[in-house]
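Source: prediction; values computed, not measured. Proteins come first, then strands; the chains are lettered A, B, ... in the order of their sequence lines, and each starts at number 1.
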Amino acid sequence: MAAPDDEATVPTPGGEGLPELLAARRRKLERLRAEGIDPFPPEFDGVVPTADVRAAHEDLADGAEADARYRVAGRLAARRGGGKAAFLDLVDRSGRIQLHARVDVLGQASLDRLVGLDLGDLIGVDGTVFRSRRGELSLRVEDWTLLAKSLRPPPEKHHGVQDVETRLRHRELDLIGNEDARARFVTRARIVSALRRGLDEAGFVEVETPVLQPLYGGANARPFTTHHNALDRELFLRIAPELYLKRLIVGGLERVYELGKDFRNEGVSHKHNPEFTMLEFYEAYADYGDVATRTEQLVAAAAGAAGYAGELDFTPPWRRETLTEAIRSRTGIDILAAHDRDALAAAMAARGLTVPPEDTWAQLVDELVSKHVEPTLIQPTFLTDYPVELSPLAKRHRDDERLVERWEAYAQGMELANAFTELNDPDEQRRRFEQQRADAAAGDAEAQPYDESFLQALEQGMPPTGGVGLGVDRLVMVLTGQRTIREVVLFPAMRDEGETAR
RNA sequence: GCGCGUCUAGCUCAUCGGGUAGAGCACCGGACUUUUAAUCCGGCGGGCUGGGUUCGAGUCCCAGGACGCGCACCA
C-alpha cells in the first residue's frame, strides 16, 4: 500500500509523530541489511503452532525444564527486559507464547539484535520448553530468525484497535490486534465447512453457476449492471442463483447446492451488505417440509461446529407457525380476510398502524411481517405458507389456493433462510412472470424479469423439488453473537475515502 | 436519502466558563539475567478539512468529509 514516497506526497494528518515512527523502523531495516541480515527471507520450514507446544506440556511444573525443542513463528507482540536477558511474547494464529532470551545462550550480539526488533516484526524461533517460576509456559530461545520486518506500528498492545472505521478499512490491523476478531473469522470458516459437509454427506453436488447473468432473477431485488466489451452487451451480477440451479434439477442432477456471493444494489445496514454469501440447495422429490427438516439439521450442525453456547436452541425441530396466524396473533389482522389492498389498509388503519400510501397488498403484508412479527422471532422459527402474491417462484399450496408452499426461517429477530416447494408447472410459472411484468410496468423496481429460457427448461419437465436459500453471513452473525453483518464479513462495503494515512 | 451524534499524539483515552493541551502504550537514549499491562531515569510527538464570530477558537457558529446509531430502502 504505502510506497516510501507517500509521506512526501500525502498531507500528513498526524504531524510529525507517524513519520518519525516510520523512519525509526526504516533505520532498523537498513541497519539489519548493513549487518548482512535479510529482512525478508523466503521461507522458514517446520513451524509448529504455539497451541501445540502448550498442549504438549500442560503438566510441566513451575520452574521445570522439559527436554523438548520446538520451532515456532509469529509476530512479536510484547517485550520485557533487556540488557542480559529479556522476555518476549510471540503471537501466531493459534495463540501466544512467551520467549525467554538470555545472553549466555544467544551471545550479546544476537540478544541485542533480538531485543532491538520492533513490535510487529515477524520472527521464527527455535527453543526449548520450560515453565517459569510464575507458571508461564515459555520457550528459551536458542536461535532465532527475522522473517519479515514490519515497517508500520502495530495496534496498541492492550486495547487493540477500537476505532470501527480502522478495523474495517484495515482488517489486517483488526486481526493483528484483536484476538476475538481472529477467532470469529475462524469460526465463520468452520460454519461454512459444516454446511458443505452436511450437504456433501447427503449426496448433494456442489456446482457453480454464472455470476454474470444476461438476465437476473430468483429474488426481488435491484441488480448491479455491468458491460461486456467483446460481446457489447449489458450483463447483471446475480441477485440469486435460483433459476440456474433449477435448470440443473431439470437436467437430472437431483441434489445440487451452490455457496457463493450474490449482489443486490440496495441499502447497507446492520444486516445488509451489497455482496453477501448465499447457500442455495435444491432437492428433487422433496417438498418444503422436507427441506425444512434438512435446514434444521444443517444449522444445528453448524451451531455445533461453531461451538455456539448462546441463548438460542437450534435443536430440531424448530417452532413452526403459519404467516397468517403469526400476523393475526400479533396485530389482530387476518390478511386472508382482508385480501385486497383497500381492505387491508383499512384494517391496519383501524388498529392505528401506519399505512404507506403507495404500498400494494403484498407490500403491506411484508410491512406487517417485518414490523410486528419478525422482531418477535427470537428462537429459531419457520414462518410458513405465504400469500401467492409475494412468491412468484413457489408452488401453490396443496390445501389453499391463496397461499404457496413457502417458509422463511428466523432467529434472533432476523430472517435466515427462505424456501419453497418449487413451482414446476411451466404454464403457471408463465402466468406468474406475466404478473411480475405487470407489476414492473406499474413501477415495482424489484419485480422479477420474464425469463423465457427458464420457462423452456420447466417445459422440459422439472421433478417436484424443494429449494432453500440461506444467508450465510446472517447465520454467522447469529452463531457468533454479532449485531452487525460487517463484523462477520472480512471486508464490508464502505464509502470511498481519500487515501490518507490510517 | 433523512435525523441525531462523534472526530484531540502512531494506538487507547483524558482535559477546560473561549485564554499557550495531559496520561498510558508505542517510539528514541540509558539501567536491568525469571518478567508477564515488567520497572526506573531522560526525550520526541497532537486538535478531521475549510470558512466565520472574537483581542484570542480544539472549545461558539456555518459548510464539507469520514464514521457511529436510528429511520427509509431491503429474497
Side-chain angles (χ1 to χ4, degrees), chain A residues 11-25 27-28 62-63 77-89 96-106 111 115-116 118-120 130-138 140 152-169 173 177 217-222 239-240 242 262 264-274 276 278 280 356 363 366-367 370 386 390-394 406 408 415-420 445-446 448 468-471 483-484 486 494-498 500-502:
Chain A
T12 314
E16 295 305 308
L18 181 58
E20 175 48 37
L21 293 177
L22 299 181
R25 284 173 181 252
R27 283 196 297 273
K28 289 191 186 180
D62 292 0
R79 176 178 49 219
R80 298 172 288 282
K84 301 261 189 315
F87 292 89
L88 305 107
D89 288 347
R96 175 183 288 248
I97 197 162
Q98 174 169 271
L99 308 175
H100 189 207
R102 300 169 47 144
V103 68
D104 54 1
V105 177
L106 289 172
L111 177 65
V115 172
D118 288 312
L119 297 192
F130 72 102
R131 193 178 291 280
S132 73
R133 290 201 291 257
R134 306 273 179 98
E136 182 78 23
L137 191 76
S138 309
R140 174 151 300 125
R152 284 182 178 270
E156 212 268 356
K157 71 179 179 184
H158 320 304
H159 303 93
V161 187
Q162 298 300 319
D163 180 67
V164 174
E165 184 176 359
T166 305
R167 289 182 42 238
L168 300 183
R169 288 194 194 278
L173 295 178
N220 297 316
R222 292 183 220 197
I239 59 173
E242 172 155 354
D262 290 348
R264 298 186 185 175
N265 204 341
E266 287 161 354
V268 175
S269 82
H270 68 104
K271 51 184 179 180
H272 296 87
N273 197 56
F276 62 100
M278 177 79 98
E280 290 206 12
Q363 287 167 326
D366 227 24
E367 166 95 2
S370 58
Y386 280 58
L390 273 58
S391 318
L393 300 168
R406 172 181 179 184
E408 291 189 343
E415 180 191 346
L416 293 183
N418 178 33
F420 340 117
E446 292 170 356
Q448 303 199 21
V468 176
L470 185 147
R483 288 175 46 253
T484 72
R486 53 170 201 233
M494 300 281 284
R495 202 174 304 258
D496 215 10
E497 171 198 47
T500 59
R502 63 171 190 259

When you measure only distances, ignoring hydrogens and angles, does the side chain of A/Arg96 come within 3.5 Å of the base of B/U36 through a donor and an acceptor? no

A/Arg27: side chain to side chain donor-acceptor pair (under 3.5 Å) partners, not counting sequence neighbours: A/Glu20

Looking at residues at least two apart in the chain, or sitting in another chain, which of them share a salt bridge (charged side-chain N to carboxylate O under 4.0 Å, His left out) with A/Arg96? A/Asp89

So, using ring-ring contact (aromatic ring centres under 6.0 Å, His included) as the criterion, who are the partners of A/Phe130 when residues are at least two apart? A/His100

Applying the side-chain contact (heavy atoms from CB on, under 4.5 Å) criterion to A/Glu165, which one of A/Asp163, A/Val161, A/Leu168 satisfies it? A/Asp163

Are any protein N/O atoms closer than 3.5 Å to N/O atoms in nucleotides 21-24 of chain B? If there are, list each pair with its distance.
| residue | atom | partner | partner atom | Å |
| --- | --- | --- | --- | --- |
| B/G24 | N2 | A/Glu156 | OE2 | 3.3 |

A/Glu242 meets the salt bridge (charged side-chain N to carboxylate O under 4.0 Å, His left out) criterion, sequence neighbours left out, with A/Lys246

Rounded to whole Å, please give me the gap between CD in A/Glu20 and P in B/A9. 17 Å

Contact under 4.0 Å: A/Arg102 side-chain N or O vs B/U33 OP1/OP2: no

Can you tell me whether the side chain of A/Glu136 and the base of B/U35 have a donor-acceptor pair closer than 3.5 Å? no

Looking at B/U35, does its base get a donor-acceptor pair with the side chain of A/Arg80 below 3.5 Å? yes

Can you name the salt bridge (charged side-chain N to carboxylate O under 4.0 Å, His left out) partners of A/Arg406, sequence neighbours left out? A/Glu408

